[in-house]
Every structure is written in structure tokens, then in C-alpha cells.
Amino acid sequence: MQEFIDKYLSKLLTAIAQHIGYVLVSVGAAVIIGFLLAALLSRGRKAAGFVMSLIGVFQSIPGIVFIGLLMLKFGMTPFTVILALSIYAVFPILKNTYQGFIDVDRNYIEVAEGCGMNPKQIFFRVEVPLALPAFFSGVRMSCIYTVSWAILAAMIGQGGLGEFIYRGIDANVKEYIVIGSIPIAILAVLFRFGIDWLEKKFVSKGLQSG
Amino acid sequence: MIEYRNVKKSYGGKQIIKGVDLTVEKGEFVVLIGPSGCGKTTTLKMLNRLIEPSEGSIWINGADHREMDLVKLRTSIGYVIQQIGLFPNMTVEENIAVVPRIMKWEKKKTLDRVKELLNMVNMPYNEYGRKYPKQLSGGQQQRIGVLRALAVNPPVILMDEPFGALDPITREILQSEVKKIQRELKITILFVTHDMQEAMKMADRIVFMDQGRVLQQAPPKEMLLHPANETVARFIALQGIGSRTDRITAADLMQQASGLAAGEDSVTVEAEEEVKEICQKYDLSKYRRICVKDSQGLLIGEITVGSLLEHLTEWM
């Protein structure tokens with residue numbers, strides 16, 4: 001096993017870097033899109049019901065099918081991978097953040113209005129801070145999922161840790177599978193800690209438990 | 001001065017405020033009371049335009065309030081609601097500074113004001129300024145809610161059942177504090193409650209509402225002694241005779257007279273003595289008259305036991 005690692009170390013490190021890159025870029029894009037969509041949809045709740053159920057249906061399409069379809073259109077490129085991962089990463093963020101906005105107690109908004117805040121002030125000083133915990137749990141979920149989904153990059157030859165896993169399965173070499181899977185597990189845990197740290201930093205102490 | 005002129009409000013064809021006329025003088029403490037769904041909260045919220053009247057108009061110091069700048073209108077009217085009025089994501093300091101911040105006060109001025117207000121309720125800034133609402137007791141939270149409403153010295157404050165969720169002792173303390181502040185600063189307060197005892201304690205004038213109408217407006221004692229109709233009387237009765245006879249004194253019921261003499265058929269009480277106590281202290285079936293004396297011991301009037309009993313049954 002040690003021999004195996006030595007032999008593939010540089011390849012492994014590249015794969016890990018690629019994997020992290022896919023996760024960061026797609027979750028980053030998903031954060032922006034998910035947050036904006038959630039903010040927008042929470043303004044127009046009639047449209048939101050329709051859009052959210054549509055998204056629910058869309059989400060049930062398996063990732064592997066979806067990435068295949070996108071490949072037909074955009075070819076076997078990193079762009080295809082990032083596009084597919086981003087779209088999937090948006091769902092948890094959008095759903096959670098939307099719910100976060102919806103769950104902001106009407107009373108807070110009314111008091112804010114009563115105090116004389118305009119809609120922009122209400123949004124930034126009351127609604128966003130109150131929706132932030134839900135947003136972060138969405139981002140956390142999205143990150144963890146994306147770390148596993150990024151394996152699919154290898155399916156269209158775009159690297160990442162999936163390459164080791166696919167090769168291991170194809171060639172029936174269990175070392176490949178192990179050195180591909182363990183970093184994925186570690187990455188998932190690290191991303192989780194990272195998001196926890198960001199959450200602690202950005203969510204008001206008044207909303208954190210304990 | 002605030003004037004509601006024939007204000008009506010309908011939701012989807014259903015009229016819930018059926019023409020309210022109400023004048024509130026500067027510095028007056030007016031309590032809106034009535035059974036739930038009577039329209040008291042709606043009436044309150046129409047003043048700062050959280051709810052827009054469907055018909056009629058509201059005038060503040062001679063100006064139609066719909067023609068005033070909305071932010072100016074709202075920052076000049078403090079607003080306190082029940083329980084969760086504080087923003088949980090903000091510290092005590094930030095909560096109090098909400099309105100100063102909207103009005104773009106300087107930081108120094110805001111901080112000084114926050115400290116001054118916190119001192120007023122014995123919650124020193126150093127200890128409480130950085131705390132979050134969840135770290136405070138219910139009573140402390142509601143104090144901060146009141147301070148937030150006071151922050152920019154608005155001439156008018158609206159309070160919507162502000163003490164409804166508090167335990168009786170804390171409620172009593174906060175009622176006294178608010179009443180004291182209101183008197184000292186001569187603030188006009190519109191206060192919604194369904195608790196007659198609270199209304200009695202706080203109000204200069206009670207406005208009784210039912211089904212979108214004002215049934216009676218009167219100072220507390222007058223409303224107790226002379227409810228305008230069956231609905232008002234029954235509402236008062238439901239709150240219990242004990243609370244209703246609170247604060248009604250012999251002087252309130254007596255007929256003024258001079259040349260009175262106490263006799264075997266009478267008992268003599270102090271003018272300030274509460275009717276409730278008199279009933280407990282004496283066996284009134286033995287007497288026909290209650291003579292009332294002032295602090296110098298001079299007889300100033302009398303109550304016939306018959307009329308007292310009449311009042312008592314009326315209150316039941």
C-alpha cells in the first residue's frame with residue numbers, strides 16, 4: 001500500500017486539488033445563485049410555490065444522468081462538471097435559505113416597519129441576519145454533497161478523486177479505491193468544519209445556540 | 001393632538017372598523033380595551049400606517065397623516081409590541097439604537113442616549129449593553145422594548161399589549177415604570193390591552209371598543225361606576241368584582257353634604273378608604289348610612305347603604 005501511495009502521490013495530490021477546486025467553484029456559484037433566488041422567491045410567495053415544486057422534480061433526476069446530458073451539449077470539459085455540480089449544489093442552499101426567509105416571524109418585520117425602516121433596511125438588518133442560520137445549514141449540506149458528487153467528474157474524464165475510484169472499480173484494484181475514497185471522506189469532514197467556523201463568525205451571537 | 005375622523009377599515013368586503021372617532025390630547029394616556037377581535041389593535045396600527053384606513057382620516061397636529069413622510073411619521077411614533085418585539089440578532093444596544101440609526105444620529109450621540117436610557121431602568125450599559133435578548137428575562141426584554149420606543153424622544157408611543165406575556169409581579173412593576181416615564185416626559189400613549197385592571201391603572205381615559213365601534217370613552221372610575229351599556233358592564237364584570245372595586249373610594253360614591261352628624265345608624269369612614277375595604281370591615285346590614293370624613297376628621301358627605309348595595313349589584 002505504501003509503495004502504491006508513493007507511486008501515485010503526485011497524481012493523488014493533483015486529484016485532490018482538482019476535487020477541492022470543483023467543490024469550491026461550484027458551491028461558490030451555488031451560494032450566490034441560491035441566496036439571490038431564495039431572497040427573490042421569498043418576496044413573491046405565489047410564484048415560489050410553483051418554482052420550488054419544479055425544483056423538487058428537477059432534483060430527482062439522478063446526477064449521473066444529468067451530467068451525461070450536459071456533456072452532450074458542452075462536451076467533456078471542466079465547464080460541464082462545474083455546471084452540473086453547481087446546479088445540484090444550488091438546491092439545498094436555495095431550499096434552506098428560502099425557508100429561512102419564510103420563517104422570519106412577521107412580528108419582527110412589523111416592528112421594523114413600525115420603527116420606520118424601509119424595505120431595504122428591513123431586508124439587510126432583520127431578514128438576512130435572521131435567515132442566516134438556515135442559509136448556512138444549506139451551504140453545509142451542499143458542500144458535503146458536492147464533495148461526493150464531484151466524483152462524477154471522472155466519468156467524463158475530468159479528473160478529481162473519482163478517477164481513482166473508477167479506475168479501481170474497472171481494474172478491480174482495491175488500493176485505487178481506498179486512496180480515492182479516504183481523501184473524499186476527509187474533505188467532507190474538513191468542509192464541514194470550515195462551514196461551521198464561517199457560521200460562528202457570521203451568524204449573530206444572539207441566534208446561536210448555547 | 002391626534003384625531004381619528006370616522007375611520008373605517010374593511011378586509012375583503014368585511015368591515016372590521018365601523019367608523020371610529022377618537023381624539024387624543026397631547027400627553028394623554030389612552031387605553032383601548034375590548035374583547036378580542038373588537039378592532040383595538042387595528043385602530044392602533046392605523047396610526048403609524050402599518051394598516052391603512054379604508055375610509056376616513058387620521059390627523060396628527062392638524063396634518064392628515066397620509067400626507068406625512070412615512071419614515072418621519074413612524075420615527076416620531078414609538079412602537080412597542082408584546083413579547084418578541086426585540087430583534088434577536090441585535091444586542092441590547094443595537095436594539096435601542098434602531099431608530100437613531102434610521103435617523104442617522106451620530107455614534108456618540110446614540111451611545112450617550114443608549115446609556116442614559118439604560119440607566120433610567122437600572123440596567124447599566126456596561127452590564128447589559130452587549131447582551132442579546134435571549135440572555136435577558138422577559139421583564140428585562142420588555143424594558144428594552146420600551147426604551148427602544150423612547151430612544152429618539154417621540155411625542156407619541158403606541159403599545160400593543162406590551163405586558164401581556166409577563167408574570168403579574170413584573171407586569172405590575174413595568175406598568176408603574178411606564179406610567180411614571182409617561183407622566184415625566186408628557187408623552188402621548190395609545191395602549192391596547194384586554195385587561196381591565198391594567199387599563200384602570202394606566203389610563204387617563206379608557207376607550208371601550210366592540211365589533212369595530214367605540215362603545216364608551218371615559219376616565220377609568222367613571223367607566224366602572226357608569227358603564228355605558230350591557231356589553232361594557234359585562235366585560236367589566238368578567239374581570240372580577242375585586243379588581244373592579246379597587247381604587248374606588250368612599251369619596252367617589254358619597255353625596256356631598258354639610259351639617260351631617262354621625263349617629264347610631266351610621267358608620268364613619270375616611271374619604272380615601274376603598275369601598276372594598278369598607279365592605280370587609282363593617283357589617284353594613286347594621287347601618288343605614290356611611291358618613292365620610294376628610295383628613296381633618298370633618299364630615300363631608302355620606303353614602304346611603306342602599307345606594308352602595310345598588311352599586312355593588314350593578315358591578316356584579
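Worth knowing before you read on, the calculation uses all heavy atoms, side chains too, and leaves out hydrogens, waters and symmetry mates. A, B, ... follow the sequence lines: proteins, then strands. Residue 1 opens every chain.
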> What's the verdict on salt bridge (Lys or Arg N to Asp or Glu O under 4.0 Å) for A/E113 and B/R49, showing C-alpha distance, side-chain angles and the deciding distance?
Replying inline: CA-CA 9 Å; A/E113 282 177 355; B/R49 291 179 59 195; over 6 Å; no

>> Measuring from atom CG of A/N118 to atom CG of B/L70, what distance do you get when rounded to the nearest 0.5 angstrom?
In response: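 Going from the CG atom of A/N118 to the CG atom of B/L70 covers 10.0 Å.
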
> Looking at SG of A/C115 and CG of B/N95, how far apart are the two atoms once the value is rounded to the nearest 0.5 Å?
Replying inline: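 Answer rounded to 0.5 Å: 8.5 Å.
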
>> With chain A as the partner, which of B/R148, B/E94, B/R101 has the greatest number of non-hydrogen pairs under 4.5 Å?
In response: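 Counting heavy-atom pairs under 4.5 Å, the top option is B/R101.
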
> With a 4.5 Å heavy-atom cut-off, do B/F87 and A/V111 have their side chains touching?
Replying inline: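 The answer is yes, as the side chains (C-beta and beyond) meet within the 4.5 Å cut-off.
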
> Are B/R74 and A/M117 close enough that some pair of their side-chain heavy atoms sits under 4.5 Å apart?
Replying inline: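 Counting from C-beta outward, B/R74 and A/M117 never come under 4.5 Å.
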
> Taking A/K205 for the side chain and B/M90 for the main chain, is one N or O donor matched with an acceptor at less than 3.5 Å?
Replying inline: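 Side chain of A/K205 to backbone of B/M90, a donor-acceptor pair under 3.5 Å: no, none is there.
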
> Has the side chain of B/N89 got a donor or acceptor atom that lies under 3.5 Å from a matching backbone atom of A/R125?
Replying inline: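 Looks like yes, one N/O pair under 3.5 Å.
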
Are there more than 12 heavy atoms of other residues, nucleotides or ligands under 6.0 Å from atom [atom1] of [X]?
X: A/Y145; atom1: OH; value: no
X: B/R66; atom1: CZ; value: yes
X: B/E106; atom1: CD; value: no
X: A/R43; atom1: CZ; value: yes

> Heavy-atom distance under 4.5 Å to chain A: side chain of B/K131, backbone, both or neither?
Replying inline: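 Neither the backbone nor the side chain of B/K131 comes within 4.5 Å of chain A.
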
>> Is B/L73 close to chain A through its backbone or its side chain, or both, or neither, when contacts mean heavy atoms under 4.5 Å?
In response: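 Answer is neither: B/L73 stays 4.5 Å or more from chain A.
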
> Shortest non-hydrogen contact from A/G116 to B/T75?
Replying inline: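 It is CA-CG2, 4.4 Å.
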
> Where do B/L50 and A/G114 come nearest, in terms of heavy atoms and distance?
Replying inline: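 Scanning both residues completely, I find the closest heavy atoms to be CD2-N, 3.8 Å.
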
>> Shorter than 4.5 Å, heavy atoms on both sides: which option in A/G206, A/P129, A/A112, A/S204 has the most such pairs with chain B?
In response: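 Winner by heavy-atom pair count: A/G206.
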
